[in-house]
Amino acid sequence: MTNTTAVKTALVTGASRGIGAAIALRLAKDGFYVYVNYTSNEAKAREVLDQISAAGGSGELCRFDVSDSTQVDEKIAAIGKTKAPLSVLVNNAGITVDSLLIRMKDEDLEKTLSVDLKGAIYCTRAAAIQMMRQRSGSIIQISSVVGESGNPGQAAYSAAKAGLIGFTKSVAKELASRQVRVNVVTPGFIATDMTGALTEPQKEAILRSVPLGFFGAPDDIACVASFLASSASRYITGQVIGVNGGMYM
Ligand code: NAD
């Protein structure tokens, strides 16, 4: 085996905070060389890299906007040429611009679909080229429980997150013969900056819909991503794995 194939690399998009940061740290602990993707907050991304180093792992910062296909293609191709072809891609970057359907602005719909759906598609396409050549790889989409259940006020976000599920099932079938697996994780309510924007009454209402009776933590998602990134999940592809405290069954 050559040096280039000995290194296992993972790219986590939107990894400067929240669920993405937890996944990046976890994959680094699993032995992956982790590319910590971010768009604007370099200081926060660097903190994640420092945590990775402190835990004995290694990686580097990787700045690009997932909704810009030119940047995505350039950065992911460069990753494949420098260290080693990507072994794992986690499409975690996401935004939510909530509004009721009849008040939905075109630009908010466009932005949500561009980041949450098209961004994941661009990254998957760019990573798949390397993974297919390698005849191995794991792609993990971070969707959402609302892509399965729906949620009033989140029609655009739900459409993007549900779109990821259909996309994943098609791509899982396309890539399976090359041993590239593609799966979706659908988090329920996870305490991060994204959900921190909700009001206390909103949080209480959500909590009433969680049978396990508590909100998840970023590590609850990172554990599942770690499993899907590993060979322990070698027979799992095209699946949707809910991590939601029983909120949706
Ligand atoms: P967060 O807002 O803390 O993190 C999202 C990250 O994505 C940020 O670091 C942000 O900078 C990055 N990002 C946004 N646009 C980007 C772009 N164009 N290019 C690259 N990076 C970009 O949110 P989080 O709660 O950690 O969510 C992570 C993922 O999990 C998202 O896809 C979100 O939709 C999903 N999710 C979260 C929850 C939850 O309860 N927190 C529930 C279901 C799904």
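We count residues from 1, following the sequence as given. Whatever order the structure lists ligands and atoms in, that order sets their numbers, starting from 1.
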Practice item. Taking only heavy atoms of S144 into account, list the atoms of ligand 1 that are under 4.0 Å away from them. Key: 43 (C), 44 (C)
Check your understanding: Which atoms of ligand 1 are found less than 4.0 Å from any heavy atom of S143?
Key -> 35 (C), 36 (N), 43 (C), 44 (C)
Check your understanding: Less than 3.5 Å between some nitrogen or oxygen of K161 and one of ligand 1, yes or no?
Key -> yes
Review point. Y35: what forms a ring pair (Phe, Tyr, Trp, His ring centres under 6.0 Å) with it, not counting sequence neighbours?
Key: Y33
Review point. Right, does atom 10 (C) of ligand 1 have protein non-hydrogen atoms nearer than 4.0 Å?
Key: no
Practice item. Can you sort out which atoms of ligand 1 are near S16, meaning under 4.0 Å from one of its heavy atoms? Key: 9 (O)
Check your understanding: Which atoms of ligand 1 have any heavy atom of G18 under 4.0 Å away?
Key -> 26 (O)
Practice item. Compute the shortest N/O to N/O distance between V66 and ligand 1 and return yes if it is under 3.5 Å, no if not. Key: yes
Check your understanding: Hey, looking at atom 4 (O) of ligand 1, which of K44, K118, R17, R63 has the closest heavy atom?
Key -> R17
Practice item. Assess N92 for proximity to ligand 1: is some non-hydrogen atom of it under 4.0 Å away? Key: yes
Check your understanding: Can an N or O of D65 be found at a distance shorter than 3.5 Å from an N or O of ligand 1?
Key -> yes
Review point. Just which atoms of ligand 1 are under 4.0 Å from any heavy atom in N37?
Key: 20 (C), 21 (N)
Check your understanding: Atoms of ligand 1 less than 4.0 Å from T192 heavy atoms?
Key -> 24 (P), 25 (O), 26 (O), 41 (N)
Check your understanding: Would one find an N or O of Y38, backbone or side chain, under 3.5 Å from an N or O of ligand 1?
Key -> no
Exercise for review: Verify side chain to side chain contact (heavy atoms under 4.5 Å, CB included) between K75 and N37, making sure each step is shown before the conclusion.
Suggested key: CA-CA 10 Å; K75 293 289 179 165; N37 164 254; over 6 Å; no
Point to revise | K44 NZ: over 12 foreign heavy atoms closer than 6.0 Å | key: no
Point to revise | side-chain contact (heavy atoms from CB on, under 4.5 Å) partners of E204, counting only residues at least two apart | key: E200, R208
Review point. What atoms of ligand 1 come closer than 4.0 angstrom to any heavy atom of I95?
Key: 14 (C), 15 (N)
Revision key, fill the gap. Heavy-atom proximity to atom 42 (C) of ligand 1 ranks first, among A217, G188, S114, G147, for G188
Check your understanding: Backbone or side chain, does any N or O of I190 fall under 3.5 Å from an N or O of ligand 1?
Key -> yes
Point to revise | Distance-only N or O hit between ligand 1 and G20, under 3.5 Å | key: no
Practice item. Report yes if some N/O of Y157 lies less than 3.5 Å from some N/O of ligand 1; otherwise report no. Key: yes
Check your understanding: For R234, does the CZ atom have more than 12 heavy-atom neighbours from other residues, nucleotides or ligands under 6.0 Å away?
Key -> no
